[in-house]
Protein chains: 2
Amino acid sequence: MSHPTLEDVAARAGVSRALVSLVMRGSPKVGKERREAVLKAADELGYRPNVMARGLAAGRTGMAGVLAADLHDPLFASVHDGLAEEAGRRGVRLLLASGGGRPARERAALGELFDLRLDGLLLAGPRIAAAEIERAAAGCPVAVVGRSLRSAGVDCVTADDAAAVRLAVTRLADLGHRRIACMSVGRSRLEKAFEAAVDEAGLTAVEDLRWRSPGAPTAVLALGDVTGTAALTGLYRAGLDVPGEVSLIVHGDAPGAAAAGVTTVAAPPAELGRLAMAALLDRIGGAGGGGGGGGAAGEGRRVTVPPVLTERTTTRPLTP
Amino acid sequence: MSHPTLEDVAARAGVSRALVSLVMRGSPKVGKERREAVLKAADELGYRPNVMARGLAAGRTGMAGVLAADLHDPLFASVHDGLAEEAGRRGVRLLLASGGGRPARERAALGELFDLRLDGLLLAGPRIAAAEIERAAAGCPVAVVGRSLRSAGVDCVTADDAAAVRLAVTRLADLGHRRIACMSVGRSRLEKAFEAAVDEAGLTAVEDLRWRSPGAPTAVLALGDVTGTAALTGLYRAGLDVPGEVSLIVHGDAPGAAAAGVTTVAAPPAELGRLAMAALLDRIGGAGGGGGGGGAAGEGRRVTVPPVLTERTTTRPLTP
DNA sequence: TTGAAAGCGCTAACAT
DNA sequence: ATGTTAGCGCTTTCAA
């Protein structure tokens, strides 16, 4: 028999199906003798409960779905570590689906996860429209990590980028740097944060990148992983000694950065994941106690994760 | 109503449940009029079929499970591209689970996927014991990519590493190199393949790495991504011009290699995935026609994928 | 403490 | 062409 059922186990143990069901879920209200008989029969038969059937009957699955916008993004793996840790701690299983980096695929994947009627859905860095996420959230608890939705019914966990920029600038100031340049590719919001931070610290933001000229910057803050890599190679190519002549901090924490030894500032990805999963599971758990209606109960928590500065080999005190 | 069911749709359209079921699956044996009424009702209610219930009743889910040994491995994302492509082409949905890089977790994840009673399971680079995989394969079609099991009942797709080494050596020979070094960390099988390839091409394998000495190698073959990175930095650090003085080919195709511009030789990961999924789906599809018993039907196909050499910037013809 | 019975939402023979 | 009737494997009242 390829897939023994509860009934097979019951027959072999000489009890009823319901009793087996109780035993399988570790209910305390079963006699020791019977329990062992059931366990023995189950083991001999190689019985494994059918999750689909269980979910259908119980109305909950004990599983949450995770939608990864793009599996290629190395950040996702780290975020997932956090997701898995928190889910594991609370006894929830995770099922993933991939958006393949394309919104159309992502939309489809979201639909598939939704149709599974899992206990909740966690969207990692979704690229689809907010309205589509809200629609899903109307039928099932949803949390989002890596993107902030301005809508109730969805919990969002994001990195505090502005704080990260401030942290980097502060650190550079502490190291004695006075003239700092910011390299960025169209992140105006963060560029503004940079300028504000520089002002606040009493430093000067330098835009002129003629190195070794009198007013040249002594430190660079690069916004984003790719910009960071470009910045580093650019500095090297310009013949500059890093960190001898110029210090570099990259905002963003792609795993490659650690290997390359660059100093980074960013919210720890796994922590983002942990908090997002915690929010989702809280929402799921609270569904029974709270007052709201449907899966869209609650106000839509908005969590922001503080940055961590990881000093590696591209920063050093300014020594004139 | 949060989750309308088939019955709700039937009631609203004034037909029976079965008819709605037929319409939902696009059966041709339904009158145009009724069909439209059903579709309209379903749409108004926002009906979405419950995959669990469907799977339970139909005995098949239209989904395959993918177990990633480690999400952090950048190779997996590429393999998954291939898996997704082939599955998509054949109308099969994919559900992933992660082994988190730890055999214990992987074992657990395999069990969870198994308990879902999906149509098939695809294991990517599994690190658990062969016996455990075989046990799963006894209850459900299983294919493995990135590892070769010597057991019937499981299809395996792997890269042809020996051919890759041969290809690299041949190319180096074509470029005029005569003395080649092989850098490797405990891959004796491939080292032997290297030596054989070098012999065959009439070249000489050099072990002495004193650069710029008379007998120094003019080309290096590094086995594995990390070894490759180490080799490249090592050469640079030794003050050598690559590819001016030494050509380098890395066996293994981590995405980082492309960015770093190193010439690589490896089986295309997505192709591995495509073939593995094809094997799995063939096995699933063939389950009805063939003669074997259970999910372990068939002989256990063993597919090997030929390498591709991608010439980037670390190789060039020998110019004495 | 144990068993019987009624579904969960759907599909798949069977009727009609 | 459309409706009826059983289940799929499990959980969960409700009785005993």
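A quick note: this is a predicted structure, and the numbers were derived from the prediction, not measured. Below, read A as the first sequence line, B as the second, and so on, with proteins coming before strands; counting in each chain starts at 1. All values below were derived from every heavy atom in this structure, side-chain atoms included, with hydrogens, water molecules and symmetry-related copies excluded.
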Point to revise | Polar side chain donor-acceptor pair, B:Ser21 to B:Arg17, under 3.5 angstrom | key: no
- Query: Does the side chain of A:Leu281 reach to within under 4.5 Å of the side chain of A:Val92, using non-hydrogen atoms?
  - Reply: yes
Centres of the A:His3 and B:Phe114 rings: under 6.0 Å? yes
B:Glu106 and B:Ala69 have their tightest heavy-atom pair at OE1-CB, 3.7 Å
**Asked** What does A:Gly31 touch in the nucleic acid at a heavy-atom separation under 4.0 angstrom: a base, only the sugar-phosphate, or nothing?
**Response** sugar-phosphate
For A:Leu67 and A:Ser98 the tightest heavy-atom approach is CD1-C, 4.1 Å
Side chains of B:Met52 and B:Arg117: closer than 4.5 Å at any heavy-atom pair?
-> no
Student check: side-chain heavy atoms of A:Arg35 and A:Lys40 closer than 4.5 Å:
no
Rounded to whole Å, CG of B:Leu19 lies from C1' of C:dC10 at a distance of 15 Å
Every protein N/O lying under 3.5 Å from an N/O of nucleotides 7-11 of chain D:
from, atom 1, to, atom 2, distance (Å)
D:dC8, O2, B:Leu56, O, 3.4
D:dC8, O2, B:Ala57, N, 3.1
D:dG9, N2, A:Ala53, O, 3.4
D:dC10, OP1, A:Tyr47, OH, 2.5
D:dC10, OP1, A:Asn50, N, 3.1
D:dC10, OP2, A:Leu6, N, 2.4
D:dC10, N4, A:Arg17, NH2, 2.2
D:dT11, OP1, A:Arg54, NH1, 3.0
D:dT11, OP2, A:Ser21, OG, 2.7
D:dT11, O4, A:Arg17, NH2, 3.4

Protein-nucleotides 14-16 of chain D N/O pairs closer than 3.5 Å?
none

A:Asp115 CG to C:dC10 C1', in whole Å, measures 13 Å
The salt bridge (Lys or Arg N to Asp or Glu O under 4.0 Å) partners of A:Arg105 (sequence neighbours excluded) come to none
